[in-house]
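Data block below; observations after.
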Amino acid sequence: MPNRTVTLTGWGRIAPSAAELAHPRSAAEAAAVLQAAGREAGGHVIPRGLGRSYNNAAQSGGGLVLSTARLDRITSVDSRTGIAVCGAGTSLEQLMVAALPHGWFVPVSPGTRQVTIGGAIAADVHGKNHHVGGSFARHVRELSLLLPSGEQRTVSPEADPDLFWATAGGMGLTGLVTEAVIQLKKVETALVKVDTVRTADIDETMRALAEHDGRYGYTVAWSDSTATGTRLGRSIITSGDFASVDDLPAPLRLEPFAFDPRARLGAPDLFPSGLLSRHSIRLANEIWYRKGPRQRTGEIQTIGQFFHPLDGIRNWNRLYGPAGFRQYQYVLPFGREAAVRRSFEIVSALPAPSFVTVLKRFGEASPGFLSFPRPGWTLALDFPVRTPALLPLLDRLDRLVLDNGGRVYLAKDSHVTRRAFEAMYPRVDDFRKLRAEIDPDGIFESDLSRRLAL
Ligand SMILES: Cc1cc2nc3c(=O)[nH]c(=O)nc-3n(C[C@H](O)[C@H](O)[C@H](O)COP(=O)(O)OP(=O)(O)OC[C@H]3O[C@@H](n4cnc5c(N)ncnc54)[C@H](O)[C@@H]3O)c2cc1C
């Protein structure tokens with residue numbers, strides 16, 4: 001199929017750019033497309049999965065975008081060992097559908113299952129189990145990488161650690177991942193046994209999260225970003241683990257691995273105009289907090305309810321209107337709790353605070369050169385682009401993060417400066433050096449990498 005010129009954005013819809021889009025059906029076809037692009041003067045290339053990164057990491061204005069939509073074949077799932085071999089365009093949802101009947105689940109799931117294996121590796125994504133499971137690439141045994149030179153190479157953490165860990169978290173800049181071998185996680189059912197607790201303020205939230213890390217495999221806090229004063233940082237914390245068959249009520253025991261990816265919740269009718277406004281954001285935060293139980297234990301939830309509540313609202317990114325929204329996620333080291341509190345103060349002082357505000361504790365850092373997670377507190381926020389004084393707010397957050405030894409997440413970033421980024425990611429020069437070796441002509445380039453000179 002000939003390439004088409006299309007305008008692309010990330011999930012936040014804020015920075016469109018036009019590029020040619022190719023959908024290779026195999027690694028060999030991708031190599032041919034790549035070679036043709038390389039021959040063109042200034043031809044730049046970047047891979048793209050499902051476009052769920054928030055800003056412009058999967059775009060390259062004026063260049064060529066290599067979509068993995070057709071590299072979505074699952075070659076095998078070994079029901080004994082839980083080793084899956086799949087094309088890089090396979091979504092986590094597809095992998096769940098294939099693996100759950102055999103008692104295996106993806107090792108790490110971000111807040112949406114509409115991401116590809118290639119995107120999960122390139123952003124080295126994290127989930128609610130980061131404190132015990134680490135980030136995605138830790139579970140990748142091997143990957144097939146189409147290098148900028150057109151060479152197809154098998155890369156593993158043992159045989160080629162530098163290339164592997166530059167690719168994990170490398171935002172598509174080391175080449176196109178075409179296939180991966182992944183160790184899945186054993187589960188006894190496809191349902192999660194969940195405990196929920198409502199906290200009164202940021203101190204209680206942080207205490208409860210620390211305590212839950214020791215007791216549960218998955219935990220996260222959804223915070224009310226509008227709360228101020230003595231209620232600052234009040235949250236609903238949901239924590240859980242996959243249920244055993246004995247945990248299930250009798251009717252559910254008949255089909256413990258039932259998983260219906262099509263199950264969708266209705267869009268909440270909180271937003272009659274179809275758009276989020278400062279009033280509806282305040283209201284949604286308030287309602288979310290109030291509907292949370294003070295304490296509830298042992299509730300059985302589906303994978304969708306527990307891991308991917310936003311997937312239940314199709315195209316929820318459109319709720320922010322045509323101008324779109326910015327996501328912001330930081331991690332601050334443990335010991336910097338005062339800075340976490342300060343960030344809540346800064347955000348809650350806005351006339352239109354964040355709609356989705358999620359706080360969690362990260363465990364061990366990933367060896368990825370540009371991987372985001374490191375031990376500490378991570379906070380994800382989102383703001384409609386039209387939020388008054390949004391850019392000065394992001395400046396203040398960047399400064400706070402930098403001054404406290406933290407970093408921001410590339411898969412969401414739309415704002416950090418090159419200098420600030422370099423101070424946040426001490427291995428960026430190793431990354432640039434490796435890129436210069438494998439891609440001396442700088443063929444792989446995205447709108448994001450141009451801004452940060454990656
Ligand atoms: C609702 C929602 C919730 C989210 N929650 C989380 C979360 O909890 N944790 C988290 O870590 N992230 C989260 N994210 C971000 C998301 O997981 C990442 O941005 C992920 O990379 C998106 O995957 P994708 O397939 O859509 O990739 P894209 O957005 O298409 O691309 C992302 C990057 O990966 C590169 N890439 C894609 N495919 C390949 C490939 N085959 N080879 C090489 N490079 C490739 C692209 O070049 C780009 O740099 C969330 C996003 C949304 C929309």
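Only a predicted model underlies this, so the values are computations on that prediction, with no experimental measurement involved. Counting starts at 1 for both ligands and their atoms, in listed order. Basis for what follows: all heavy atoms, side chains included, without hydrogens, waters or symmetry-related copies.
Judged by distance alone, with hydrogens and angles left aside, the side-chain atoms of Thr68 form no donor-acceptor pair with the main-chain N or O of Leu71 at under 3.5 Å.
Between Asp430 and Lys433, no side-chain nitrogen of the basic residue sits less than 4.0 Å from a carboxylate oxygen of the acidic one, so the salt-bridge criterion is not met. One finds no salt bridge joining Arg341 and Glu337 here, because no Lys/Arg side-chain nitrogen approaches an Asp/Glu carboxylate oxygen to under 4.0 Å.
For Thr116, there are no side chain to side chain donor-acceptor pair (under 3.5 Å) partners at least two apart in sequence or on another chain. Residues meeting the side chain to side chain donor-acceptor pair (under 3.5 Å) test with Thr112, sequence neighbours left out: Asp311. Listed by chain and number, the residues in a side chain to side chain donor-acceptor pair (under 3.5 Å) with Thr205 are Thr199, Ser235 (sequence neighbours excluded).
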Quick one: table the atom pairs, ligand 1 N or O against protein N or O, below 3.5 Å, distance rounded to 0.1 Å.
residue, atom, partner, partner atom, Å
ligand 1, 5 (N), Gly111, N, 3.1
ligand 1, 8 (O), Gly111, N, 3.0
ligand 1, 9 (N), His126, O, 2.8
ligand 1, 9 (N), His126, NE2, 3.3
ligand 1, 11 (O), His126, N, 3.0
ligand 1, 11 (O), His126, ND1, 3.1
ligand 1, 11 (O), Tyr409, OH, 2.7
ligand 1, 19 (O), Ser53, N, 3.4
ligand 1, 21 (O), Gly119, O, 2.9
ligand 1, 25 (O), Leu50, N, 3.1
ligand 1, 25 (O), Thr116, N, 2.8
ligand 1, 25 (O), Thr116, OG1, 2.7
ligand 1, 26 (O), Leu50, N, 3.2
ligand 1, 26 (O), Gly51, N, 3.0
ligand 1, 26 (O), Arg52, N, 2.7
ligand 1, 29 (O), Arg52, N, 3.1
ligand 1, 29 (O), Ser53, N, 2.8
ligand 1, 29 (O), Ser53, OG, 2.6
ligand 1, 30 (O), Gly49, N, 2.7
ligand 1, 30 (O), Gly51, N, 2.9
ligand 1, 41 (N), Val177, O, 2.9
ligand 1, 42 (N), Val177, N, 2.9
ligand 1, 47 (O), Pro47, O, 2.7
ligand 1, 49 (O), Ala57, O, 3.2
ligand 1, 49 (O), Met171, O, 2.9

